[in-house]
Q: 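The structure under discussion is supplied below as structure tokens; questions concerning it will follow.
Keep in mind it's a predicted model, so treat the numbers as computed, not measured. We count ligands from 1, going down the list as the structure has it; atoms in each ligand are counted the same way. Throughout, residue positions are numbered sequentially from 1 according to the sequence presented.
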Amino acid sequence: MTLIDGIEVDTALVEQLGLSLEDVVSIFDRQLQGEHPPINELCGRIEEYRGKMLRPTLVLLSGLVVEGGRLGNEHSVAAAVVEMIHMATLVHDDVLDEAEMRRRGRTINSLHGNEMAVMLGDYLISNAFHLCSTLEQPWVSLELGSVTNTLCEGELIQLFNRNNTCLDLATYMTIVEKKTASLIGASCRLGSLVSGASEEVAGCLERFGRKSGVAFQITD
Ligand code: FPP
Ligand code: MG
């Protein structure tokens with residue numbers, strides 16, 4: 001057993017997750033490595049946006065929790081795609097919020113301006129779907145395309161209500177469910193489906209992810 005924040009976790013699981021997350025990072029970095037050094041340098045800044053890697057971890061854990069589930073390259077690719085979509089939303093979100101800092105450093109918009117940040121976010125989302133299309137399971141793109149629509153809807157509803165000082169609970173929950181919970185739920189769902197989970201199991205994991213996502217966003 002290994003102690004993480006005072007919680008006992010199976011050592012073999014910790015090691016397996018660690019190795020798979022390293023895989024996810026190399027797939028992510030390789031996808032963004034191009035022939036133009038200034039673009040590579042800009043993409044390198046995304047590393048500073050990287051946090052706990054919650055979403056990729058959920059893809060991997062949901063892939064493992066399914067009966068007989070084993071992690072393969074397709075889990076790591078799906079996890080890297082989800083992380084890249086998440087990074088694209090953060091880059092765009094910082095433009096909308098006019099944020100100067102994110103985690104360990106300055107935001108892309110504060111360093112390079114809004115135009116560069118918008119284009120970098122577009123580049124990340126484009127690369128995410130390019131990477132996703134290398135998977136032999138075309139339904140992953142279909143599901144994630146629906147989730148990116150939902151993320152944008154959440155952000156648009158939030159913008160429509162930017163000056164609404166009487167925001168009602170239902171609208172607030174719609175925003176939170178769309179802009180945050182949807183991608184976390186999808187991470188759990190996709191990880192399990194890649195392992196061959198039934199729709200019932202995938203649905204349960206998706207609900208777990210969505211509810212954790214709502215709790216996370218309310219706390220944030
Ligand atoms: C952080 O919210 C932002 C999100 C969870 C989602 C942002 C989504 C978009 C900007 C839509 C763009 C979509 C695509 C597909 C590129 P926050 O501002 O509450 O949290 P923070 O403290 O992390 O900034
Ligand atoms: Mg923000």
Side-chain angles (χ1 to χ4, degrees), residues 28 31-32 39 42-43 45-59 78-133 140-165 167-190 206 209-220:
F28 185 104
Q31 175 65 30
L32 293 178
I39 301 180
L42 187 66
C43 288
R45 295 214 152 267
I46 290 300
E47 213 174 292
E48 291 173 26
Y49 276 42
R50 194 168 286 147
K52 302 170 287 298
M53 296 189 74
L54 170 72
R55 293 154 191 81
T57 302
L58 287 173
V59 172
V81 169
V82 165
E83 181 70 357
M84 211 173 280
I85 291 173
H86 176 54
M87 291 295 141
T89 71
L90 295 186
V91 172
H92 279 181
D93 179 70
D94 287 338
V95 173
L96 296 168
D97 291 351
E98 298 176 25
E100 302 227 319
M101 300 292 291
R102 178 163 295 277
R103 296 193 194 284
R104 296 180 282 281
R106 302 261 311 273
T107 55
I108 304 291
N109 47 300
S110 77
L111 286 171
H112 301 281
N114 283 348
E115 290 170 342
M116 199 72 94
V118 168
M119 271 319 300
L120 177 63
D122 291 350
Y123 190 61
L124 291 172
I125 201 80
S126 166
N127 267 283
F129 281 99
H130 185 208
L131 177 59
C132 199
S133 65
V140 179
S141 294
L142 197 64
E143 295 228 354
L144 282 175
S146 165
V147 174
T148 47
N149 291 348
T150 304
L151 292 171
C152 293
E153 285 166 11
E155 204 64 25
L156 284 166
I157 298 169
Q158 181 169 275
L159 277 175
F160 284 129
N161 284 281
R162 184 168 255 179
N163 298 314
N164 179 3
T165 51
L167 185 72
D168 58 85
L169 181 62
T171 311
Y172 172 74
M173 290 306 287
T174 302
I175 293 170
V176 168
E177 272 159 16
K178 283 181 179 276
K179 79 168 194 175
T180 304
S182 60
L183 187 59
I184 298 181
S187 304
C188 298
R189 177 178 170 79
L190 290 178
E206 183 179 3
R210 280 175 178 271
K211 288 187 187 300
S212 312
V214 168
F216 168 77
Q217 182 67 48
I218 291 174
T219 310
D220 187 51

Q: What is the nearest protein non-hydrogen atom to atom 20 (O) of ligand 1, stated with its residue, atom name and distance?
A: Asp220 OD2, 3.5 Å
Q: What atoms of ligand 1 come closer than 4.0 angstrom to any heavy atom of Thr180?
A: 5 (C)
Q: Could you tell me the residue and atom name of the protein heavy atom closest to atom 13 (C) of ligand 1, and the distance to it rounded to 0.1 Å?
A: Cys152 SG, 3.6 Å
Q: Do Tyr123 side-chain atoms and Leu32 backbone N/O form a donor-acceptor pair below 3.5 Å?
A: no
Q: Could you tell me whether Asp93 and Arg102 have a side-chain N and a carboxylate O separated by less than 4.0 Å?
A: yes
Q: At what distance is the nearest protein heavy atom to atom 21 (P) of ligand 1, and which residue and atom is it?
A: Arg102 NH2, 3.6 Å
Q: Considering only the protein, which heavy-atom contact is closest to atom 15 (C) of ligand 1, and what is its distance?
A: Ile125 CD1, 3.5 Å
Q: Checking the N or O distance criterion of under 3.5 Å, is ligand 1 in contact with Thr148?
A: no
Q: Just let me know how Asp97 lines up against ligand 1, side chain, backbone, both or neither, with a heavy-atom cut-off below 4.0 Å.
A: side chain
Q: Could you tell me the separation between the CD atom of Gln158 and the OG1 atom of Thr171, rounded to the nearest 0.5 Å?
A: 12.0 Å
Q: Do me a favour and list the nearest non-hydrogen protein atom to atom 11 (C) of ligand 1 with residue, atom name and distance?
A: Glu155 CB, 4.0 Å
Q: What N, O or S atom of Asp93 is found closest to the Mg ion (ligand 2)?
A: OD2
Q: Which one of His86, Gln217, Lys179 has a non-hydrogen atom at the shortest distance from atom 2 (O) of ligand 1?
A: Lys179
Q: Out of all atoms in ligand 1, which are within 4.0 Å of some heavy atom of His92? Include the element for each.
A: 10 (C), 16 (C)
Q: Find the distance between CD (Glu177) and NZ (Lys211) and round it off to the nearest 0.5 Å.
A: 7.5 Å
Q: Could you measure the distance from the CD1 atom of Ile218 to the OH atom of Tyr172? Nearest 0.5 Å is fine.
A: 5.0 Å
Q: Roughly how far, to the nearest 0.5 Å, is CG of Leu183 from CG of Leu144?
A: 7.5 Å
Q: Would you say CD of Glu48 has more than 12 non-hydrogen atoms from neighbouring residues, nucleotides or ligands within 6.0 angstrom?
A: yes
Q: Do any N/O atoms on Thr89 end up under 3.5 angstrom from N/O atoms on ligand 1?
A: no
Q: Name whichever N, O or S atom of Asp97 ends up nearest to the Mg ion (ligand 2).
A: OD2
Q: For Thr57 and Met53, indicate whether the former's side chain and the latter's backbone hold a donor-acceptor pair under 3.5 Å.
A: yes
Q: Check the surroundings of atom CG in Asp168: do more than 12 heavy atoms from other residues, nucleotides or ligands lie under 6.0 Å from it?
A: yes
